[in-house]
Number of protein chains: 2
Amino acid sequence: MSTAAGQSQHEAGPARPVRRLRRAERREQILDAATRAFARAGYAATGLDDIAAEAELTRAMLYRHFDSKADLYRAVLDRACTRLAEATGADNFDDDAIPALLRAAAADPDGFRLLFRYAAREPDFRELIDSITAASREVGRRNLARVIPEGPWLDWAANLIPAFTLEAVIAWLDAGQPDSDQAADRITAAVHGVMAAAHPTP
Amino acid sequence: MSTAAGQSQHEAGPARPVRRLRRAERREQILDAATRAFARAGYAATGLDDIAAEAELTRAMLYRHFDSKADLYRAVLDRACTRLAEATGADNFDDDAIPALLRAAAADPDGFRLLFRYAAREPDFRELIDSITAASREVGRRNLARVIPEGPWLDWAANLIPAFTLEAVIAWLDAGQPDSDQAADRITAAVHGVMAAAHPTP
DNA sequence: TTACATGTATACTTTGCCTTCTACAAGTGG
DNA sequence: CCACTTGTAGAAGGCAAAGTATACATGTAA
């Protein structure tokens with residue numbers, strides 16, 4: 001029976017026809033799946049089996065596209081960083097900064113969450129997004145330095161405001177991305193509120 | 001030479017006299033060290049060797065006090081939760097909530113950071129602090145429900161405000177814990193700023 | 001001084017998961 | 001038809017870190 005005419009896999013069900021993709025497309029599809037999988041639990045807590053399952057492939061295929069788990073993760077993070085940079089543009093924190101962030105987050109929610117909820121806290125990979133976070137902190141600090149004197153409170157505000165902005169964007173994703181124009185207004189207002197509170201005294 | 005009269009350890013240096021503690025105290029000291037070690041990189045990225053080194057003990061001793069790495073981690077988190085609950089009191093988010101949070105964070109900075117920077121994102125242990133975060137979200141939601149209509153924006157604000165408060169406290173720890181009274185004022189003001197921004201229209 | 005709790009030191013086993021390898025099946029294009 | 005690519009299936013291999021075991025040293029208290 002089983003050795004008769006070679007049936008595809010395990011003779012289960014109506015024999016799904018096996019999706020074939022060309023190399024470059026499969027690579028992208030794997031990156032998509034890996035982004036989703038990693039975004040659920042971070043690097044360490046995500047096994048290659050989870051990723052393979054998410055991509056509906058075997059583990060072996062992952063190794064035909066990436067040298068190692070770390071390599072795959074780096075590729076995922078790199079792509080997410082690139083997309084983020086593209087979607088936000090080289091905009092140096094002018095008034096369009098927050099709408100740009102929202103666009104970026106909406107364009108790649110899993111990548112966004114992965115970058116800022118997990119990768120930012122993973123010692124081995126933090127460096128990959130440090131350029132971004134360091135830049136935003138620096139810009140924030142320069143803006144704040146006009147109204148807050150040098151000292152621990154400036155440090156506090158300069159760290160807090162970018163972190164808060166990201167939290168607000170992620171909370172917006174979690175809330176189902178309602179009305180992005182309104183979201184931009186609310187987040188902008190909230191950031192101003194935090195900045196006002198960061199002042200020493202009125 | 002080396003086999004002469006049994007010298008304590010490896011004949012290195014002036015033979016540190018070996019700190020002996022009674023079981024309960026050693027346990028606490030291990031929990032302290034483990035809290036510091038885990039607070040640097042989270043559960044997965046911290047080895048038992050890191051903890052042993054931090055505690056200035058051998059790995060073997062860790063197993064005389066805890067059954068496993070997971071058991072040790074749970075003990076660390078439990079203690080941090082307990083301390084947090086004690087330091088904040090059962091105060092249901094009245095005006096003293098933020099000063100209480102600052103007191104708690106100052107009393108156990110490593111535990112505080114560990115709970116909210118790492119444990120909150122670790123699938124296997126998230127449950128241990130969920131009672132806390134869920135409660136704070138719920139209280140926040142009830143307060144907000146008076147000024148924000150039911151819907152995604154209420155969800156957004158109810159998630160964001162507790163997260164923001166914690167970020168603000170951690171940023172205060174990172175900034176060197178300057179003047180906790182002023183910190184309470186600024187964070188309270190900032191929270192109000194965020195709440196104001198969360199309203200639909202002025 | 002004897003018994004025990006606390007500690008060091010180090011070698012060993014186990015386990016989980018990444019990683020590699022082999023064998024085979026089936027679409028695709030020249 | 002044939003070479004090539006893309007795919008499955010599953011068995012080993014290998015390694016790092018968790019966990020176990022044994023032997024010995026030394027304060028402390030009955």
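Values below: all heavy atoms of this structure, side chains included; hydrogens, waters and symmetry mates excluded. First the proteins, then the strands, lettered A, B, ... as listed; each starts at 1.
Judged by atom type and distance alone, B/R59 does not reach the base of D/dA18 through any side-chain donor-acceptor pair under 3.5 Å. Residue A/R22 places no side-chain atom within donor-acceptor reach of the base of D/dT6, judged by atom type and a 3.5 Å distance cut-off alone.
The phosphate of C/dG7 has OP1 or OP2 within less than 4.0 Å of a side-chain N or O from B/R26. Taking side-chain N and O atoms only, B/T58 has no distance below 4.0 Å to OP1 or OP2 of C/dA9.
Going from atom CG of B/L21 over to atom C1' of D/dT28 covers 14 Å, rounded to whole Å. A/K69 places its NZ atom 15 Å from the P atom of C/dG16, with the value rounded to the nearest Å. Residue A/D49 contributes atom CG, which lies 13 Å from atom P of D/dG10 at whole-angstrom precision. Here the P atom of nucleotide D/dG19 and the CE atom of B/M61 are 17 Å apart, to the nearest Å. Straight-line distance from the CG atom of A/L72 to the P atom of C/dC18: 11 Å, rounded to whole Å. Distance CZ (A/R19) to C1' (C/dA26): 15 Å, rounded to an integer number of Å. With rounding to whole Å, A/L48 atom CG is found 18 Å from D/dG10 atom P. If you take CD of B/Q29 and C1' of C/dG7, they are 12 Å apart, rounded to a whole angstrom.
Ion pair B/E28/B/R79 flagged as a salt bridge, since at least one NZ, NE, NH1 or NH2 atom sits closer than 4.0 Å to an Asp/Glu carboxylate oxygen. The pair A/D110-A/R36 does not count as a salt bridge, with every side-chain nitrogen at least 4.0 angstrom from each carboxylate oxygen.
Using a 4.0 Å heavy-atom distance criterion, A/R23 is classed as a sugar-phosphate-only contact.
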Subject >> Working for side-chain contact (heavy atoms from CB on, under 4.5 Å), residues B/F38 and B/Y73 >> reply: CA-CA 8 Å; B/F38 282 130; B/Y73 194 57; 3.4 Å; yes
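Candidate nucleotides D/dA9, D/dG7, C/dA5 were compared by shortest atom distance to the side chain of A/A60, and D/dA9 ranks first. Of the listed nucleotides (C/dT19, C/dT6, D/dT6), C/dT19 has the atom at the smallest distance from the side chain of A/S68. Proximity note for A/L57 (side chain, C-beta onward) versus D/dT6, D/dT8, C/dT8: the nearest is D/dT8.
Of the residues listed (B/I98, B/D96, B/L101, B/I132), the one engaging B/T88 in a side-chain contact (heavy atoms from CB on, under 4.5 Å) is B/L101, and it is the only one.
In this structure, the side chain of B/D71 engages the main chain of B/D67 through a donor-acceptor pair within 3.5 Å.
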